[in-house]
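What follows is a single structure, written as structure tokens, with notes after it.
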Amino acid sequence: MGEKTIVLGVIGSDVHAVGLRVLDYALRSAGFDVVNIGVLSSQEDFIKAALETGARAILVSSLYGHAELDCQGFKEKLIEAGLGDILLYIGGNLGVGKKSWEEVEKRFKELGFHRVYPPKTMPDEVIKDLKEDLNIG
Amino acid sequence: MGEKTIVLGVIGSDVHAVGLRVLDYALRSAGFDVVNIGVLSSQEDFIKAALETGARAILVSSLYGHAELDCQGFKEKLIEAGLGDILLYIGGNLGVGKKSWEEVEKRFKELGFHRVYPPKTMPDEVIKDLKEDLNIG
Amino acid sequence: MVLNNKKWDEKFWLRMREEVLNTWHTGKDVNLKLGIEYHKSLPLEKQFDYVLKKGEKEGKILLQPRAGVPILKEHIELLKYLQENEADLLPTTIDSYTRQNRYKEAQFGLDESLKEGKSLLNGFPAVNYGVRGCREIIENVRIPVEVRHGSPDARLLAEITLSAGFTSFEGGGITYNIPYSKDVPLENSLLYWQYVDYLVGYYAENGIIINRESFGPLTGTLVPPCISISIGIIEALLAAEQGVKSFSVGYGEGGNIIQDVASLRVMKKLTKKYLEEFGYKDIHLTTVLHHWMGGFPEDEARAFAVITYGTIAGFLGSVSKIIVKTPQEAIGIPTKEANAQALRNTRQTLQMLENQYFIDQKLVEEEEKVIEEEVKSILDRVYSLGEGDWVIGTIRSFSAGVLDVPFAPSKFIHGRVMPIRDNNGAIRFFDFGNLPIPLEIKNFHREKIEERVKFEKRPVSFQMVLDDIYAISKGRLIGRPKVEGKR
Amino acid sequence: MVLNNKKWDEKFWLRMREEVLNTWHTGKDVNLKLGIEYHKSLPLEKQFDYVLKKGEKEGKILLQPRAGVPILKEHIELLKYLQENEADLLPTTIDSYTRQNRYKEAQFGLDESLKEGKSLLNGFPAVNYGVRGCREIIENVRIPVEVRHGSPDARLLAEITLSAGFTSFEGGGITYNIPYSKDVPLENSLLYWQYVDYLVGYYAENGIIINRESFGPLTGTLVPPCISISIGIIEALLAAEQGVKSFSVGYGEGGNIIQDVASLRVMKKLTKKYLEEFGYKDIHLTTVLHHWMGGFPEDEARAFAVITYGTIAGFLGSVSKIIVKTPQEAIGIPTKEANAQALRNTRQTLQMLENQYFIDQKLVEEEEKVIEEEVKSILDRVYSLGEGDWVIGTIRSFSAGVLDVPFAPSKFIHGRVMPIRDNNGAIRFFDFGNLPIPLEIKNFHREKIEERVKFEKRPVSFQMVLDDIYAISKGRLIGRPKVEGKR
Ligand code: B12
Ligand code: B12
């Protein structure tokens, strides 16, 4: 698939479906080819979808507080699968409870994410970033 | 007048009358002879009332935030008037804005008050203290 | 000169004016002509009456906080912060020394505040700053500013702040005397406020509409609606006579939503009616709700509940503006953050209530009827005691107890009325004092109180009133007796 | 075995039970007899159903927070703190791995949490703690505790927690599947939940009344009332068939107060009616309001407004309990302080509303009629599709779209219904999917939506739905379009 293919899903045992629905709609409206793998997706599901579609970015959503546990080793698996260079974003409610955002962001950057988004991120923002990072007009 | 005479009033340019009314009622019900000099009372008003009635305690109320300014030099004037030993309480909203209670209490103890009460003090409490401090059964 | 409800003679005013401007050195800088010119230069968005009208047109309830700190720079910062946090109208709350014309003490407090770098005054000492200082406020914000205080004699304060560009001025000869003084005769405060109203009228004649607001809540503590409404109407009439063209009547939330909505409606309807009946037909009339003005819970989470709760009555009563309390009300003068929190909380509530008029009209109307009859019967008596003059009637009525205010410090009132909540939390009369309330309505109050007596299985007493005074601060509307063994 | 709505055969249950108890090692410690004995030893104040009844008798709406942390000691501290801060009923919220029966991952999360001394799980992993650990909770608090989770298969969780002395258990074969799973067939979850209901019925036969609660809010996002009410009724019927004697139907606040109150009334009335009609006459039925379950504002002051606002509908709808949100809802799992704040805020609101039934009955009744017809027409179809069997009817209805849930992750639903707010904020259908809604009512929805279309001068579209999804978190009930030049 093309330049504008991105994989989108909610990782782990997380079922929060509303944000995903919103992102899906907004990304499509902005011209992206969205491969939405839905909620309750494993690391493997993401990798498989990215490989199959030749996606240029993976957008991981996690709302329920287990993001840190669910993302352990993800980057390594991506590298193994030959996807070491794929653009990797994550957003949602990433910590359990009220934590300093800096701390959270740092943690997920260490885990290999290129961009980390706080709660209540509006789709416009990620669309802007995606276009920039993927060099799309 | 007797053992149980106390002077009660609101000091300075303060007009908060409701707490005073409540205290007046509660102290009377508890058997005290209350000399209520009302709101907007000056240091001199308190001293005059205490001298005239031979009161054993002065209860100063201040709600509006100027207590610190209004009480400057009060203790000195009391000593001058020969009332250096009279029991001196203050209560209400003593600082302007949200301050640490310890700080406020310390400040007013320095100003010569024997007891300092935070907002929302219930009359029972001051009645108990008064009885104790005045050795009344 | 006889004190009565007649528009002042300009010469009389000008003579008094000279005196007034000489009571503190900053009075010298007041220049009416320059003041008027400055007002003419103000953009519409900085004009109180314009913004009120705009709000009405858009069906938007405007929000106004209370705020005032002694140091000018900090006061401006504070107001700028509030205008970025949902305030539609700004206040400048004046300190208590200035309110009592003790400018020397205010100066001392201001100097000390500057020296210690912390606020030792409970408000902004506008007179001490004079026209120039005050105008800096107006220059630095982009929405209108009102002077809020509590002064029986605000003549100099009004001269200075209006000249500086403030476009609204709160108070009145009754509402800024009875709850705010001990021994200022009504004769004096009414005269002083005629001065202020005349001044505002003078601006109006020169094309500058300044909003005047009556302080509805009075002592803020269980004030029965008929009392604050009657007094609000009188102050509206008095202001109108001196030439005021934009007037707001205010009401402090009582807590029973039906009663509050009914009160707000009666207040608007009757004020309009009386103004028109007495020939003042070109007054722009608006209404104000004050969030609960009595003792607040110390706990901020509970205080937030009281705030949101109060907003409902304001919304259902379709007021023009709400004056917001803050979660720190019980503690002390709020931080700017607390004030902004209250504004955001109130806005959220109003915007969630959008278009939702779910109140039972019949219940409201029943209550309206009661309040309306009470107010009319009080005002009838005031008017007849005054032999057709509202000023004279007011003075005579207070001395006869025909007008009265519960818990007020003034010694020029009877102070005999005693309010109490009924079993639904509505404010009724435990003691009517000398208020001329029709017998039938008195019986209605008694019946309502009886319901509570039966429910609580205890007689009406001052203890019950005390319980009501504390109730909201302790977590409920009605001061129920403690039940043994229950937490 | 055919899956249908018939009380299970004990032998079938016992056989399955063996399997279930073997899915994780803590299953071995479950002993029904000892569990029942333990329940018998519990004081009344620790029994959920008793406290519900007591609340009803006293006319007191009970408050329950959500709370669960992985470390037992901390969880107990948390619950003790909440019971001192206005909670009448306690929760134990289970972590998401346990919910999906991933006990190994839960164990890993628990171990890591213990190691790092911070919570890495979003709830309490009850299965991993087993009966003994869970019982420590019950031993250390003085009020009842409910298990709250979101598991399509909660058989082991129920065995362990009930045996440990929990006296209420939330969930159901529909409400804990459709919003909480992607690919669990209803056939499975309904079977698993019959198991749980049978277990609760078994306790009942032994004199132990355990409360069961349906999870009314579903996806928490603009769920039209008829959907959650229909599903709640079905779950009540299914539970009753298996022997449950105390059942709570729940409802997630929608935001339009008239509609919410109407929904709460219809929910109670119709659930009662269906239970009786189908022969379950000895069920103690109670109702629950959940504060707004969709996206919250991040700002705590605004969140407090949403909370207080929601309490009003619960009060006017006379629910048995309110499950409170916290000011930190949008941020993350709340601190215990935030939870306590929400409880105190809610209590203050309820106690200020005491005796105040000010809602317009006529408006509520009009809305009730609509909802009632919708629910009846949905349930009629479910029943006929099931040829008289509610379980079969449910399965067939979801696959035919006769039952549907907006925004749900499950792939076993049509997912075609699309809600939208009308111009008063009531939730209507933009797309009815295959719901069997009578034409007349469909037209009513369309008219209501048309009012908004006219007001906003824009067509209905998914953008409008999106705006509604965000609205409350951005400060209002209805997702109004941004107006150029307006802040
Ligand atoms: C009602 C009220 C008013 C009414 C007063 C009517 C009247 N004449 O009585 C009105 C509206 C007129 C008013 C005006 C003002 N108020 Co005022 N008012 C209140 C309010 C809401 C309740 C006070 C009350 O009646 N409580 C009920 C009674 C029963 O309780 P109480 O007064 O606290 O008294 C009890 C205890 O404190 C204690 N106590 C009191 N004194 C003493 C003394 C002793 C010795 C002891 C032992 C105990 C004790 O016992 C009493 C009985 O339990 C409080 C805030 C609150 N508490 O919620 C603000 C408050 C006191 N007001 C305040 C202010 C600033 C003002 C104004 C300056 C206006 C302004 N800036 O907005 C003016 C002041 C005018 C003046 N010159 O004094 C501030 C004070 C700020 C501070 N200290 O930092 C407060 C705290 C509000 C706030 N957060 O800004 N107010
Ligand atoms: C609705 C909701 C639910 C519904 C979900 C229904 C469904 N199936 O979708 C129900 C009730 C079922 C539910 C269940 C649970 N929930 Co929930 N839920 C919410 C709630 C209230 C709103 C979420 C939502 O729909 N928002 C609206 C959408 C549009 O916004 P969004 O999801 O935030 O997504 C936007 C942005 O975040 C961003 N975004 C999201 N992902 C990504 C990814 C990328 C790459 C980018 C760029 C951006 C991005 O873009 C989206 C669009 O703007 C939130 C709290 C809140 N936000 O107010 C809690 C919340 C997310 N839930 C929470 C929890 C804990 C749970 C439960 C475990 C139950 C519990 N303990 O009470 C279960 C989890 C079940 C599970 N296994 O996942 C917590 C998470 C805690 C944490 N992280 O610390 C929250 C924060 C509530 C809280 N404060 O406790 N929940």
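Here is the naming used below: chain letters follow the sequence lines, and residue numbers restart at 1 for every chain.
The parts of D/Ile359 that come within reach of chain C are both its backbone and its side chain, each placing non-hydrogen atoms under 4.5 angstrom from that chain. Heavy atoms closer than 4.5 Å to chain C are found nowhere in D/Ile307, neither backbone nor side chain. Contacts of D/Pro297 with chain C are made by side-chain atoms alone, with heavy-atom separations under 4.5 Å and no backbone atom involved. Only the side chain of C/Asp299 comes within contact range of chain D, with at least one heavy atom under 4.5 Å from a heavy atom of that chain.
Distance NZ/C/Lys362 to NZ/D/Lys362: 12.0 Å, rounded to 0.5 Å. Note that OH of D/Tyr357 and CG of C/Asn424 are 10.0 Å apart. Values are rounded to the nearest 0.5 Å. Atom-to-atom distance recorded for C/Gln356:CD and D/Ile257:CD1 is 5.0 Å, nearest 0.5 angstrom. Of the inter-residue distances, the one linking C/Asp260 atom CG with D/Phe358 atom CZ reads 11.0 Å to the nearest 0.5 angstrom.
With contacts defined as side-chain heavy-atom distances shorter than 4.5 Å, the pair D/Glu300/C/Glu300 does not qualify. Counting heavy atoms from C-beta on, the side chains of C/Thr308 and D/Thr349 never come closer than 4.5 Å. By the 4.5 Å heavy-atom criterion applied to side chains, C/Ile312 and D/Tyr309 are not counted as neighbours. By the 4.5 Å heavy-atom criterion applied to side chains, C/Arg476 and D/Leu350 are not counted as neighbours.
Ranked by non-hydrogen atom pairs under 4.5 Å with chain D, the options C/Arg347, C/Gln361, C/Met352 are led by C/Met352. Across C/Val261, C/Asn423, C/Leu363, C/Leu316, the residue that shares the most heavy-atom pairs under 4.5 angstrom with chain D is C/Asn423. Most heavy-atom pairs under 4.5 Å with chain C: of the set D/Asn256, D/Asp360, D/Leu343, D/Val306, this distinction falls to D/Asp360.
Although no hydrogens or angles enter the test, the distance criterion places a donor-acceptor pair under 3.5 Å between the side chain of C/Gln348 and the main chain of D/Ile472.
With respect to C/Glu354 and D/Arg421, no salt bridge is recorded, no charged nitrogen being found less than 4.0 Å from a carboxylate O.
Of all the heavy atoms in C/Gln351 and D/Gly475, the pair that sits closest is NE2-O, 2.8 Å.
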